[in-house]
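Taking it in order: structure first as structure tokens, then the write-up.
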Amino acid sequence: MRLFVFLILLATAASAAVAREKPAAKDPPAIGHMAPSDVPDMPYSDTVHDYDDWTVQQSTAFVAAMTYSDGGGMFGLFCGKTCSYYTNPNIPCRIGSVTAGLLSGPGGSMAITLRCLHVKEEGQEEEFMLIDEDVTDLLDGASRVSIAIPLPDGTARVDIYSMKGAEQAQQDMLDRADARLASPGPTV
């Protein structure tokens, strides 16, 4: 019964988001035109620092701050030339496909638009969902957040993420991204 009520709330939030104008995305990546064979090859990343439940990783192409759910999902913020929040809920998605989701925290919830992107790291392909909306305000001060994504069978994948260490990890990541952009050399 609880799942049914949750799914109704998710559908209502998604419908309401479609009905009103969505806020502009923060530097949204243009990936809707990608073909299923377009999979960027990303260089291997190294962990540079841990902050409680969050980790900062850096490669020659990007810097990311991330955390993991108990169910193995990943949520974070990454920056190359632009920055985007993302999740990897370990569910299959088609490159460029768009799905609705729900991000919830103690300060409220909001419907989010998720865009599928595949990347290769060390030859292994990973699926990520970029979050179009700027969710920074909803995350501010939260101790935990959850992301719900509807599944084709009528259920939903729900991951709960600790925000312990998020502020420090994201600030470290943004400082590293700023330093990278200030120095000559390509970024993604």
Side-chain angles (χ1 to χ4, degrees), residues 3 6 10 26 29 31 39-80 82-95 97 99-151 155-177 188:
L3 179 59
F6 174 77
L10 179 61
K26 182 191 276 186
I31 62 168
V39 180
D41 203 2
M42 299 294 274
Y44 183 74
S45 58
D46 288 320
T47 298
V48 291
H49 204 284
D50 291 320
Y51 295 91
D52 294 314
D53 296 332
W54 280 66
T55 298
V56 175
Q57 291 187 352
Q58 185 168 352
S59 78
T60 56
F62 68 91
V63 183
M66 68 203 65
T67 188
Y68 297 88
S69 70
D70 288 341
M74 181 192 313
F75 170 65
L77 176 65
F78 79 94
C79 294
T82 61
C83 298
S84 182
Y85 285 96
Y86 69 96
T87 186
N88 179 346
N90 295 314
I91 56 176
C93 64
R94 193 180 81 256
I95 293 175
S97 65
T99 190
L102 183 68
L103 178 69
S104 299
S109 62
M110 69 183 287
I112 54 176
T113 305
L114 301 161
R115 295 183 186 275
C116 180
L117 173 68
H118 293 204
V119 298
K120 281 185 184 174
E121 186 175 58
E122 294 292 301
Q124 186 165 347
E125 193 168 321
E126 298 270 347
E127 298 170 329
F128 292 91
M129 294 182 171
L130 302 178
I131 300 172
D132 278 0
E133 293 78 17
D134 182 356
V135 298
T136 306
D137 290 343
L138 184 63
L139 303 177
D140 191 32
S143 59
R144 295 185 322 169
V145 296
S146 64
I147 297 177
I149 302 169
L151 301 174
T155 62
R157 165 74 189 234
V158 179
D159 283 298
I160 300 171
Y161 300 98
S162 168
M163 297 301 287
K164 187 176 180 185
E167 185 176 334
Q168 299 92 329
Q170 289 181 17
Q171 188 57 57
D172 180 2
M173 187 265 318
L174 290 170
D175 291 344
R176 291 173 190 276
V188 170

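Because only heavy atoms are used, hydrogens play no part in the values below, and waters and symmetry mates are left out as well, while side chains stay in.
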Counting only N and O atoms by type, is there a donor-acceptor contact under 3.5 Å from the side chain of [X] to the main-chain atoms of [Y]?
| X | Y | answer |
| --- | --- | --- |
| Arg157 | Leu151 | no |
| Glu133 | Thr113 | yes |
| Asn88 | Glu127 | yes |

Are the side chains of [X] and [Y] in touch, meaning some heavy atoms are under 4.5 Å apart?
| X | Y | answer |
| --- | --- | --- |
| Val135 | Ile112 | yes |
| Val56 | Val63 | yes |
| Leu174 | Cys83 | yes |
| Phe78 | Ser84 | yes |
| Thr55 | His49 | no |
| Leu114 | Leu130 | no |
| Glu126 | His118 | no |

Roughly how far, to the nearest 0.5 Å, is the [atom2] atom of [Y] from the [atom1] atom of [X]?
| X | Y | atom1 | atom2 | result |
| --- | --- | --- | --- | --- |
| Tyr161 | Leu139 | OH | CG | 12.0 Å |
| Gln170 | Cys79 | CD | SG | 9.0 Å |
| Thr67 | Ile160 | OG1 | CD1 | 12.0 Å |

For this session: Show the numbers, then the answer: is there a side chain to side chain contact (heavy atoms under 4.5 Å, CB included) between Leu102 and Ile147?
Result: CA-CA 6 Å; Leu102 183 68; Ile147 297 177; over 6 Å; no

For this session: Could you go through the side chain to side chain contact (heavy atoms under 4.5 Å, CB included) check for Cys93 and Met129 one step at a time?
Result: CA-CA 8 Å; Cys93 64; Met129 294 182 171; 3.9 Å; yes

For this session: Using distance alone, with no hydrogens and no angle criterion, decide if Gln171 and Asp175 have a side-chain donor and acceptor under 3.5 Å apart.
Result: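 The answer is yes; a qualifying pair exists.
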
Problem set entry | No-hydrogen, no-angle side-chain donor-acceptor test under 3.5 Å, Thr136 and Tyr85 | yes

For this session: Apply the side-chain hydrogen bond (donor to acceptor under 3.5 Å, both in side chains) test between Ser69 and each candidate in Asn90, Asp159, Thr87; give the one that qualifies.
Result: Asp159

For this session: Under the side chain to side chain contact (heavy atoms under 4.5 Å, CB included) rule, what do Leu117 and Ile95 come out as? Steps first, then yes or no, please.
Result: CA-CA 5 Å; Leu117 173 68; Ile95 293 175; 5.5 Å; no

Seminar exercise, completed: Note: Ile149 and Pro89 closest approach over all heavy atoms is CD1-CG, 3.6 Å

Exercise. What heavy-atom pair brings Ala100 and Pro150 nearest, and what distance separates the two atoms?
Worked result: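 What the structure gives for the nearest pair is O-CD, 3.2 Å.
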
For this session: Assess whether atom CD of Glu167 is packed by more than 12 heavy atoms of other residues, nucleotides or ligands within 6.0 Å.
Result: no

Seminar exercise, completed: Exactly one candidate in Val145, Asp70, Asp53 meets side chain to side chain contact (heavy atoms under 4.5 Å, CB included) with Ser162; the answer is Asp53

Problem set entry | side chain to side chain contact (heavy atoms under 4.5 Å, CB included) partner of Trp54, chosen from Met173, Gln168, Lys164, Met163 | Met163

Exercise. Hey, do the aromatic rings of Tyr86 and Phe75 have their centres closer than 6.0 Å?
Worked result: no

Exercise. Step by step, would you call Arg115 with Asp132 a side chain to side chain contact (heavy atoms under 4.5 Å, CB included)?
Worked result: CA-CA 7 Å; Arg115 295 183 186 275; Asp132 278 0; 2.6 Å; yes

